[in-house]
Amino acid sequence: MTLPLQDPLLSAEGQGQPSHRSGFFRTVLRERKAAVVGLAIIVFFVVLSIVAPYIAPFSVTEPSCAVYAPPSAQHWLGCDDGGIDMLSLLMVGGRISMIVGFAATLVAMIIGGGVGILSGYFGGWTDVSLMRVTDYLLVIPDLVLMIVIADLWGASLFHVIIVIGILEWTSTARIIRAQVMSVRERAYVKRARGMGSGNFRIVWRHILPQVGPLLIANTVLTIAIAIYLETALAFLGLEDPTAVTWGTILENAFQRTAISSGAWWAIVPAGFAIAAVIVGCFLFGQAVDDALNPRLKVAHLSSRRWALRPLAGRGPDAI
């Protein structure tokens with residue numbers, strides 16, 4: 001008698017048991033402290049951006065103190081050259097910077113993930129065509145091309161989002177393509193194809209769940225790059241000057257003699273906020289990426305599991 005073969009993941013789902021994928025991020029947060037720290041930083045700034053208009057102590061359009069007033073009990077981070085409270089500017093500016101970073105990353109994730117899945121799954125001329133376009137965009141310096149495009153299109157937050165999104169998808173496409181090429185050769189994918197499943201169903205039910213964690217890890221890392229590029233474009237004057245972002249705060253501080261006036265509080269807080277978000281995204285994204293790397297699961301390659309074995313003896317007398 002022949003017993004029917006069944007995918008372990010499908011049997012676990014059929015019995016109502018949680019699959020490995022459902023507890024992946026929980027395991028990463030439990031085993032890697034860097035992931036917890038990174039996620040806490042990201043969540044803090046996201047929550048702060050959401051509630052910023054309601055908890056900002058002063059208006060960001062009306063002066064509330066003297067020009068470049070130093071930090072005080074009333075103005076914790078001092079004021080800028082227009083007498084605007086820096087803490088309020090930092091809160092409201094972070095809201096727009098985070099929106100630009102997440103929106104540009106969403107565009108990059110959709111384009112890069114779609115190109116990577118199509119290229120890796122179908123192969124052939126589809127793979128060759130999409131990868132040639134990806135290669136051309138990879139060799140072009142991102143910041144230089146962004147400056148040219150933003151200057152041609154005009155200073156606008158929407159233009160900045162589109163420019164960052166359409167130029168930052170290439171690395172995502174490469175990574176997802178390599179993973180999809182590996183997943184499509186697995187037994188359960190071939191069995192699903194042999195049973196008559198269409199390409200869309202195979203990609204949706206079998207390919208996408210496997211590359212999802214890797215796509216999320218790369219997306220978190222791309223958020224840090226997007227926020228950095230948004231700051232760079234704003235600092236170079238290629239963003240809407242009326243918008244309050246961390247980049248425009250730095251641009252205004254440098255253009256309006258904050259350094260020569262000794263007003264460090266007009267520069268340092270915004271720079272620290274940008275650095276903190278980038279570090280948080282890096283810590284969380286790198287922790288997820290490391291957890292997905294099969295080479296780090298080998299005992300002799302993992303710094304968490306590797307240890308010297310004693311040559312002789314036990315306990316304190318071991319050598």
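Throughout, numbering of the chain's residues begins at 1 and tracks the sequence.
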[Y] and [X], any side-chain heavy atoms less than 4.5 Å apart:
X    : Y    : value
L221 : F284 : no
R177 : M181 : yes
L87  : P57  : yes
D80  : L89  : yes
T172 : T219 : no
V100 : T245 : no
P70  : W265 : yes
L214 : N218 : no

Worksheet item: Any chance CZ of F122 has more than 12 other-residue heavy atoms, nucleotides or ligands included, within less than 6.0 Å?
Response: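 Atom CZ in F122 is packed in, count exceeds 12.
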
Fill in: Neighbour count above 12 (heavy atom, 6.0 Å) for Y228 OH
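Not buried by this count: 12 neighbours or fewer within 6.0 Å.
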
Judged by atom type as modelled, is there a donor-acceptor pair below 3.5 Å linking the side chain of [X] to the main-chain atoms of [Y]?
X    : Y    : value
S261 : A263 : no
S197 : A192 : yes
R184 : V189 : no
W169 : M109 : no
N252 : T248 : yes
S72  : H75  : yes
R95  : I50  : yes
W204 : R201 : no

Linking I/L/V/M/F/W/Y whenever their side-chain heavy atoms sit closer than 4.5 Å, directly or via other members, would [X] and [Y] fall into one cluster?
X    : Y    : value
I225 : L138 : no
L48  : V43  : yes
Y136 : I175 : no
F58  : Y54  : no
F102 : V163 : yes

Worksheet item: Between H206 and Y188, how do the two ring planes meet: parallel, tilted or perpendicular, split at 30° and 60°?
Response: tilted

Hey, what do you get for [atom1] ([X]) to [atom2] ([Y]), rounding to the nearest 0.5 Å?
X    : Y    : atom1 : atom2 : result
D81  : R256 : CG    : CZ    : 4.5 Å
I259 : W264 : CD1   : CH2   : 14.5 Å
S182 : Q210 : OG    : CD    : 9.5 Å
T134 : M131 : OG1   : CE    : 3.5 Å
I84  : C65  : CD1   : SG    : 8.0 Å
I140 : T170 : CD1   : OG1   : 10.0 Å

If you compare all heavy atoms of [X] against all heavy atoms of [Y], which two are closest, and at what distance to 0.1 Å?
X    : Y    : result
A52  : M91  : CB-O, 3.5 Å
I249 : A270 : CG2-CB, 4.0 Å
A258 : A266 : CB-CB, 4.2 Å
L229 : I164 : CB-CD1, 4.0 Å
G116 : I176 : C-CG2, 4.0 Å
A243 : L157 : CB-CD1, 3.9 Å

Fill in: Note: D127-R132 ion pair, threshold 4.0 Å (strictly below)
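Salt bridge: no.
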
Worksheet entry | Steps toward side-chain contact (heavy atoms from CB on, under 4.5 Å) verdict (L283, R32) | CA-CA 10 Å; L283 290 176; R32 300 175 184 271; over 6 Å; no

Discussion item. Please evaluate residues C281 and I42 with respect to the criterion side-chain contact (heavy atoms from CB on, under 4.5 Å), reporting the C-alpha separation (whole Å), side-chain torsions for both, the decisive distance (0.1 Å), and the verdict.
Written reply: CA-CA 7 Å; C281 292; I42 296 173; 4.0 Å; yes

Discussion item. Between I207 and I202, is the side-chain contact (heavy atoms from CB on, under 4.5 Å) condition met? List the steps.
Written reply: CA-CA 6 Å; I207 302 294; I202 292 176; 4.2 Å; yes

Practice prompt. Give the intermediate values and the outcome of side-chain contact (heavy atoms from CB on, under 4.5 Å) for residues T126 and Y121.
Written response: CA-CA 9 Å; T126 303; Y121 181 77; over 6 Å; no

Fill in: By side-chain hydrogen bond (donor to acceptor under 3.5 Å, both in side chains) - contacts of S88 (at least two apart)
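Checked S88 against side-chain hydrogen bond (donor to acceptor under 3.5 Å, both in side chains); matches are D85.
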
